[in-house]
Amino acid sequence: MKRYLSYILFIFILAACSPEINGNIGRQPEIFPDYREVTIPSNIAPMNFEVMSQEGTGWLAVVNGESDSLCIRSGDGLISFGKRQWKRLMRENAGGKISVKIYEEREDGWCAYLPFDLYVVEGEVDPYLAYRLIPPGYSLWREMSIRQRNIESFEERTVYANTQGKGNCVNCHSFCDRDPDRMLFHLRSEMAGTYIFRDGHNERLDTKTDSTMSALVYPYWHPSGKYVAFSVNRTNQLLHTTDPDRIEVFDEASDVTVYDIDNHQIVTSDLLSSESSFETFPTFSPDGTSLYFCSSKAVAPMPERYRDARYSLCRIDFDPEDCTFGSSVDTLYNADVKGGSVSFPRISPDGRYLVFTLGGYGNFSIWHKDADLYMIDLQDGTVMPMQHLNSDDVESYHSWSSDSRWLVFSSRRDDGHYTKPYISYVDAEGNAHKPFLLPQKDPKKYYGMLMFSYNIPEFVGDRVDLDGREIVKLAKTEGTKTGYKRK
């Protein structure tokens with residue numbers, strides 16, 4: 001009976017829209033963003049899209065849910081949902097799907113495309129997304145910022161912009177278990193330091209010591225909030241004029257360390273800081289008892305041999321009681337045996353899956369067109385490419401939602417120049433579904449005019465309430481010195 005009433009309502013709405021169908025187009029419409037057959041959380045912002053047709057002069061979208069239908073007319077191809085309409089659709093169809101059918105007006109009348117579906121997951125995703133907006137790598141980076149977006153709406157606000165300070169680089173933001181009250185980032189050049197914000201206590205750190213080659217980079221919080229894993233790197237950059245990978249960033253040396261926040265001490269081990277290896281990109285396990293990282297045999301001379309650096313995925317025990325490390329290192333993905341090079345390991349909060357970026361060489365995959373996402377099932381060690389997520393261009397900089405069901409990542413698949421944030425549903429069996437581009441009010445206009453890349457998108461559980469003026473004030477204080485200890 002319910003389905004029958006839904007069908008009658010659909011016919012009524014279609015009649016009210018009054019299109020006279022003169023023909024059928026035997027395919028689905030080309031739309032931007034491509035939201036056809038995607039799986040979405042029930043709290044996502046309206047999935048507005050544009051019909052990419054050169055023949056139409058008018059469009060009509062009929063959206064049919066389980067118990068509700070609506071009709072949207074458009075004169076320019078933009079199909080835009082009202083906020084209340086969309087929320088009702090999501091609420092009433094959570095756990096099911098909605099069907100979208102596009103009608104296009106041409107010179108000889110209205111034509112109908114084949115319909116497509118949106119699959120609505122009953123659960124919600126973390127409501128905020130934090131990221132850095134950064135201009136192209138060849139610019140002087142006069143303007144960059146850390147921002148947050150409420151993904152339930154189109155609201156975006158700035159956490160900190162370098163125009164509020166002295167125009168210096170701001171990078172490597174990181175949250176402890178998606179907690180907006182526990183985050184950090186680095187400022188470079190003037191006002192340099194690592195800025196840690198933890199439960200209302202704000203601190204600027206001077207993390208360069210006589211025993212480390214650089215200040216701390218590439219952070220990852222321990223789930224307790226007491227420690228942060230970092231690498232220290234001696235890094236250089238090349239700019240190519242003809243290579244498709246226009247920018248190359250490589251390490252001449254690197255080590256992995258753990259920073260003890262309460263004791264202001266950098267701690268490491270001979271197994272994590274070796275002249276014979278490059279160690280980088282540390283990541284704690286969700287239970288806090290393991291530290292994962294990437295490791296390559298040391299390569300010299302650089303930059304002549306930068307393509308010879310290939311990183312394996314490794315793991316070492318970690319004891320959070322006394323901040324000590326295990327006596328041996330396990331290798332989960334051996335680059336010498338399996339080929340490729342691993343970067344950016346990230347473990348789902350339930351501890352089941354680890355996703356990493358795999359490229360041909362090196363560890364700065366964000367500029368490597370061959371960089372793809374791979375997944376390891378940590379229960380049986382199975383390694384598999386995430387085929388539904390990968391494209392012909394860069395996939396990297398990924399992070400998990402708090403319920404381990406959603407993955408956000410950066411991709412250059414749209415234009416090859418700017419990374420944009422894509423979100424994918426990952427089911428309990430580890431199957432990643434077709435990803436969707438972060439919704440915008442007018443997506444074609446927004447993304448078509450955007451000349452910034454989304455860098456390190458990360459889910460956050462609530463709004464970040466930091467004030468940029470507080471950060472500038474903190475930058476004027478003397479940075480807390482850090483100690484160094486090898487265990």
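One is the number of the first residue; the rest follow in order along the sequence. What you see is a predicted model, and the numbers here were worked out from it, not measured in a lab.
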With a 6.0 Å cut-off on the ring centroids, do [X] and [Y] count as close?
| X | Y | answer |
| --- | --- | --- |
| Y333 | F356 | yes |
| F49 | Y35 | no |
| H433 | Y119 | no |
| Y425 | W406 | yes |

Heavy-atom pair of closest approach, residues S341 and G362: OG-O, 2.6 Å
For a quick test of reading the model, state the closest non-hydrogen atom pair linking H186 to V217 and the distance between them.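 Minimum heavy-atom contact is NE2-CA, 3.6 Å.
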Kindly indicate whether a cation-pi arrangement holds for R412 with W367, taking the cut-offs as under 6.0 Å to the six-membered ring centre and within 45° of the axis. yes
Between Y292 and F281, is there a side-chain heavy-atom distance shorter than 4.5 Å? no
Are more than 12 heavy atoms, taken from residues, nucleotides or ligands other than [X], located less than 6.0 Å from that residue's [atom1] atom?
| X | atom1 | answer |
| --- | --- | --- |
| D210 | CG | no |
| K434 | NZ | yes |
| E275 | CD | no |
| K83 | NZ | no |
| K338 | NZ | yes |

SB check [X] [Y] (cutoff 4.0 Å):
| X | Y | value |
| --- | --- | --- |
| R469 | D467 | yes |
| R413 | D393 | no |
| D317 | R315 | yes |
| K420 | D415 | yes |
| D377 | R352 | yes |
| K445 | D442 | no |
| R405 | D427 | no |
| D262 | R198 | yes |
| R463 | D465 | yes |
| D177 | R182 | no |
| E190 | K166 | yes |
| K226 | E321 | no |

Side-chain H-bond candidate by donor/acceptor type, [X] with [Y], under 3.5 Å:
| X | Y | result |
| --- | --- | --- |
| T331 | S312 | no |
| S276 | S274 | yes |
| N43 | E152 | yes |
| Y306 | E252 | no |
| T235 | N233 | no |

So how far is it from [X] [atom1] to [Y] [atom2], rounded to the nearest 0.5 Å?
| X | Y | atom1 | atom2 | answer |
| --- | --- | --- | --- | --- |
| F32 | Y447 | CZ | OH | 7.5 Å |
| L407 | M386 | CG | CE | 5.5 Å |
| I261 | L205 | CD1 | CG | 8.5 Å |

For side-chain hydrogen bond (donor to acceptor under 3.5 Å, both in side chains), just list the numbers for T480 and E203, CA-CA rounded to whole Å, side-chain angles, deciding distance to a tenth of an Å, and then say yes or no. CA-CA 8 Å; T480 302; E203 190 170 21; 3.0 Å; yes
Check the pair E458 / Q148 against side chain to side chain contact (heavy atoms under 4.5 Å, CB included), numbers first and verdict last. CA-CA 9 Å; E458 186 172 356; Q148 60 178 336; over 6 Å; no
Look at the aromatic rings of [X] and [Y] and report parallel, tilted or perpendicular, splitting at 30° and 60°.
| X | Y | value |
| --- | --- | --- |
| F344 | Y397 | perpendicular |
| H264 | Y259 | tilted |
| Y195 | F197 | parallel |
| Y220 | F284 | tilted |
| F318 | Y227 | perpendicular |

Check step by step if side chain to side chain contact (heavy atoms under 4.5 Å, CB included) holds for V355 and Y374. CA-CA 6 Å; V355 174; Y374 277 66; over 6 Å; no
Any side-chain to backbone donor/acceptor pair from H222 onto G288? Under 3.5 Å, distance only.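 Present.
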Determine whether M47 and F436 satisfy the following criterion, side chain to side chain contact (heavy atoms under 4.5 Å, CB included), listing intermediate values before the conclusion. CA-CA 9 Å; M47 306 279 283; F436 62 88; 3.9 Å; yes
